[in-house]
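Input: a single structure, listed below in structure tokens.
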Amino acid sequence: MANVMDVRSALAASDELGQRISVRGWVRSRRDSKAGISFVAVNDGSCLANIQAVVPATLANYEKDVLQLSSGCAVIISGVLTVSEGKGQALEIQADAVEVVGWVDEPESYPISKKRHTFEYLRSVAHLRPRTNTFGAITRVRTVLANAIHNYFFAQGFQWINTPLITASDCEGAGELFRVSTLDLANLPRAENGAIDFAQDFFGAQSYLTVSGQLNVEAFCLAMSKVYTFGPTFRAENSNTSRHLAEFWMVEPEIAFADLNDDAALAEDFLKHVCRVLLEQCSADLEFFAEFIDKQAIERLQHVAARNFERMDYSEAVHVLQNCGKSFQFPVQWGLDLQSEHERYLCEEHVKAPLIVMNYPKDIKAFYMRQNDDGKTVAAMDVLAPGIGEIIGGSQREERLDRLDARMQEMNIVGDLWWYRDLRRYGTVPHAGFGLGFERLLNYVTGMENIRDVIPFPRVPKSAPF
RNA sequence: UCCGCCUUAGCUCAGUCGGUAGAGCAAUUGACUGUUAAUCAAUGGGUCGCUGGUUCGAGCCCAGCAGGCGGAGCCA
């Protein structure tokens, strides 16, 4: 085999012209010319573009192999990298060897045909959809975005905390929990009162998959100052929407000696940074999204990167909504949570930009959020993005033990949070953080509409087939 | 969980009044061409989601179930 290159490198390798190389990948299409050549388009996932191999009919296995190639076949093609005589591409390979590594059984029923498919259909062949242009592009953007997130925090001196996926705490926040157990479901151990005896379970207590790493990451925040978690989280809620997954990835930074304004500033700087990185490093894939998925894809990123986010108190948001002259399906009243339609109006029509709404009524927010001096609100914020709604939710945390205890009592929080309380007993300090749904951000930056299409294998109620 | 819509060829969809099934694309074969989601021609391809009911007769009407999609709620 000659010098093996991935397609991305080969197409960028003008300095390798005239050299013999090999590329390895999967056939996207084959076009035969009776001039005695076939054109084979090969993609290996390294970039959006295919490389075109020009295969002469004089190859020994031309009839036997090359003329049998169909979409999806795995091949290794070797030949000299040359300037293309055709118009669709700058470079191509003049093939002198074609090795078919894997054939496609029954090309007629190969699920990924050259024609465009609906995303709904592609979800039913999730094991093969990475072979499409769209899912290749999503996968590359996902990788660059994950890297940009880690790199941003690393450059800012944050520590990456690998918070546990299994938890015995059932009050991490909102959300139904998936139970984790090794008990025999057909023969559950019982205590004397008939209740299931979880003391005999693996962890000696009821345990669950985490719905958030926040409480754990706070512990590291109050030692390492700037920390974040980035990993999978699980919600057993029966949510059937294009914005919810039962298993999704979440980014949760937490900063010490910080208040809500610091938190909002971090969220804005963070989002601007990752958008800039995508614009720099994913230009070909973003152009693809702009052409085939969402015309606004690139402008939106430029807009986020360039423009200052608007900020508005919840009370002001309510005032704006009540006086905008629009009628909403759900009521707008101080004390009620903002509905999707309200959030969308605010960021899409009122400010026409990302918007940070701050200081919500305490009764609609979580127990750990810091109570403001007005006695009515807590230091919570939501970052609302046009077209997608809430993309970040965060808050300054209640660092005063007496206030935290009072709030937990008021809200009837039961469960063993002694260690979380300890953080307020030993060197407590104002701190704040937020949670960002990774797939929601991916939806936002690619213009994809359904969250099930930006994660490799989506898990939603009644469906985890792959 | 609630509301609405959908389920017919590998894919996307038609299917009239209830009378035994149709197109485009894909696939296969051939023609043609430094081709570009090539083009042209021919050919093959169906348990009409499942179960039951009404009917002489059901893709079509009725009931139940399953699955999918969109929206809402919950949230990230």
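Please read these numbers as outputs of a predicted model, since none were measured by experiment. Chain letters run A, B, ... following the sequence lines, proteins first, then strands; residues in each count from 1.
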Query - Length of the CG-P vector between A:Asp105 and B:A27, whole Å - result: 16 Å

Query - Within residues 240-252 of chain A: residues closer than 4.0 Å to RNA chain B (heavy atoms) - result: A:Asn240, A:Thr241, A:Ser242, A:Arg243, A:His244, A:Leu245, A:Phe248, A:Met250

Requested in this report: With P as the reference atom in both, quote the distance from B:A14 to B:A9 in angstrom, rounded to an integer.
Outcome: 12 Å

Query raised in the report: Using the C1' atom in both, what is the distance from B:C11 to B:C3, to the nearest Å?
Result: 30 Å

Query raised in the report: What integer number of Å spans the C1' atoms of B:A41 and B:U33?
Result: 15 Å

Query raised in the report: Whole Å only: how far is the CG atom of A:Leu441 from the C1' atom of B:C75?
Result: 17 Å

Query raised in the report: Is there a salt bridge (Lys or Arg N to Asp or Glu O under 4.0 Å) between A:Glu349 and A:Lys326 once you walk through the steps?
Result: CA-CA 11 Å; A:Glu349 296 185 49; A:Lys326 253 185 99 94; 3.6 Å; yes

Report summary line: Given protein heavy atoms under 4.0 Å, the one-letter contact record of nucleotides 4-10 of chain B, with B base, S sugar-phosphate only and - none, is simply ------S

Query raised in the report: Considering all heavy atoms of both residues, which atom of A:Val378 and which atom of A:Pro361 are nearest to each other, and what is their separation?
Result: CG2-O, 4.3 Å

Query raised in the report: Could you state the CG-P distance from A:Leu436 to B:C75, rounded to the nearest angstrom?
Result: 18 Å

**Report entry** Distance-only side-chain donor-acceptor flag, A:Tyr314 / A:Asp382, under 3.5 Å
**Finding:** no

Report task. Enumerate, in order of first residue number, the stems that involve RNA chain B, defined as 3 or more consecutive Watson-Crick or G-U wobble pairs with both distances under 3.5 Å. Result -> B:1-7 with B:66-72, B:10-13 with B:22-25, B:27-31 with B:39-43, B:49-53 with B:61-65

Ignoring hydrogens and angles, write down the donor-acceptor pairs under 3.5 Å from the side chains of residues 120-127 of chain A, residues two or more places apart or on other chains.
residue  : atom : partner  : partner atom : Å
A:Tyr121 : OH   : A:Pro111 : O            : 2.9
A:Arg123 : NE   : A:Asp453 : OD1          : 2.8
A:Arg123 : NH2  : A:Asp453 : OD2          : 2.8
A:Ser124 : OG   : A:Tyr121 : O            : 2.5

Query - B:C5 versus B:G44 - spacing of their C1' atoms, nearest Å - result: 35 Å

Listing, residues 454-466 of chain A side-chain donor-acceptor contacts under 3.5 Å, not counting sequence neighbours, or none:
residue  : atom : partner  : partner atom : Å
A:Arg459 : NH1  : A:Phe466 : O            : 3.3
A:Arg459 : NH2  : A:Phe466 : O            : 2.4

**Report entry** Sequence-distant partners of A:Gln371, side-chain hydrogen bond (donor to acceptor under 3.5 Å, both in side chains), two or more places apart
**Finding:** none

**Report entry** Under the salt bridge (Lys or Arg N to Asp or Glu O under 4.0 Å) test, residues paired with A:Arg311 that sit two or more places apart
**Finding:** A:Glu268

Report task. Quick one: label A:Gly86 by what it contacts on the DNA or RNA (base, sugar-phosphate, nothing), any heavy atom closer than 4.0 Å. Result -> base

Requested in this report: May I have the distance from A:Glu120 (atom CD) to B:G67 (atom C1'), rounded to whole angstrom?
Outcome: 11 Å

Query raised in the report: Can you pull the ring-ring contact (aromatic ring centres under 6.0 Å, His included) pairs that have at least one residue in residues 21-74 of chain A, sequence neighbours excluded?
Result: none

Query raised in the report: Please give, in whole Å, the distance from B:C75 C1' to A:Phe234 CZ?
Result: 17 Å

Report task. Would you jot down, in residue-number order, the residues of residues 452-466 of chain A having a non-hydrogen atom under 4.0 Å from RNA chain B? Result -> A:Arg452, A:Lys462, A:Ser463

Query raised in the report: If you measure from the P atom in B:A42 to the same atom in B:A23, how many Å do you get, rounded?
Result: 12 Å

**Report entry** Nearest-Å distance for atom pair CD/P, residues A:Gln68 and B:U28
**Finding:** 9 Å

Query raised in the report: Could you give the CZ-to-C1' distance, from A:Phe328 to B:G73, as a whole number of Å?
Result: 18 Å

Report task. Assign A:Thr118 to base, sugar-phosphate, or nothing according to its heavy-atom contacts below 4.0 angstrom with the strands shown. Result -> sugar-phosphate

Query raised in the report: How long is the span from the CZ atom in A:Phe135 to the CD1 atom in A:Ile112, to the nearest 0.5 Å?
Result: 9.0 Å

Query raised in the report: Within the modelled atom types, does a donor on one side and an acceptor on the other bring the side chain of A:Gln89 and the base of B:U36 under 3.5 Å apart?
Result: yes

Query raised in the report: Taking atom types as modelled, is there a side-chain donor on A:Asn443 or A:Arg243 under 3.5 Å from an acceptor on the other?
Result: no

**Report entry** Under-4.0 Å side-chain N/O to phosphate OP1/OP2 contact, A:Gln339 with B:G73
**Finding:** yes

Query raised in the report: Under 3.5 Å, is there a donor-acceptor pair between the side chain of A:Lys226 and the main chain of A:Gln156?
Result: yes

**Report entry** Pair of N/O donor and acceptor under 3.5 Å linking B:G71 base with A:Glu449 side chain
**Finding:** no

**Report entry** Distance, C1' atom - from B:G45 to B:C25, rounded to whole angstrom
**Finding:** 14 Å

Query raised in the report: Which part of the nucleic acid does A:Glu390 contact within heavy-atom distance under 4.0 Å: base, sugar-phosphate only, or nothing?
Result: sugar-phosphate

Query raised in the report: Of the nucleotides B:G73, B:U33, B:U1, which has the atom closest to the A:Ser239 side chain?
Result: B:G73

Requested in this report: Using ring pair (Phe, Tyr, Trp, His ring centres under 6.0 Å) as the criterion, list what pairs up with A:His431, not counting sequence neighbours.
Outcome: none

**Report entry** Polar side-chain atom of A:Asp313 near backbone of A:Asn359 as donor-acceptor pair, under 3.5 Å
**Finding:** no

Query raised in the report: What integer number of Å spans the C1' atoms of B:G24 and B:G4?
Result: 29 Å

Query raised in the report: Does any N or O donor sit under 3.5 Å from an N or O acceptor when you compare the side chain of A:Glu341 with the base of B:G71?
Result: no

Query raised in the report: A:Arg235 has an atom CZ; how far is it from atom C1' of B:U1, in whole Å?
Result: 18 Å

Report task. Could you walk me through whether A:Arg235 and A:Thr233 pass the side chain to side chain donor-acceptor pair (under 3.5 Å) test, one step at a time? Result -> CA-CA 7 Å; A:Arg235 306 264 168 105; A:Thr233 50; 5.3 Å; no

Report summary line: Rounded to the nearest 0.5 angstrom, the CD1-OG1 distance for A:Ile166 and A:Thr163 is 12.5 Å

Report summary line: Note: A:Ala49 and A:Asn43 closest approach over all heavy atoms is O-ND2, 3.5 Å

Query raised in the report: Given A:Phe367 and A:Glu410, is the side-chain contact (heavy atoms from CB on, under 4.5 Å) satisfied, shown in steps?
Result: CA-CA 9 Å; A:Phe367 74 92; A:Glu410 273 176 41; over 6 Å; no

Query raised in the report: Which one of A:Val54, A:Leu59, A:Val66, A:Val98 satisfies the side chain to side chain contact (heavy atoms under 4.5 Å, CB included) criterion with A:Ser38?
Result: A:Val66

Requested in this report: Residues of residues 48-55 of chain A with any non-hydrogen atom less than 4.0 angstrom from an atom of RNA chain B: list those, numerically ordered, please.
Outcome: A:Gln52, A:Val54

Requested in this report: Could you work out the separation of B:C48 and B:G30 based on their C1' atoms and round it to a whole Å?
Outcome: 33 Å

Report task. Mind checking A:Ser29 for me? I need base, sugar-phosphate or nothing, with any heavy atom below 4.0 Å counting as a touch. Result -> sugar-phosphate

Query raised in the report: Where the side chain of A:Arg31 is concerned, which of B:A38, B:U12, B:G73 is the nearest nucleotide?
Result: B:A38

Query raised in the report: Sequence neighbours excluded, which residues qualify as ring pair (Phe, Tyr, Trp, His ring centres under 6.0 Å) partners of A:His350?
Result: none

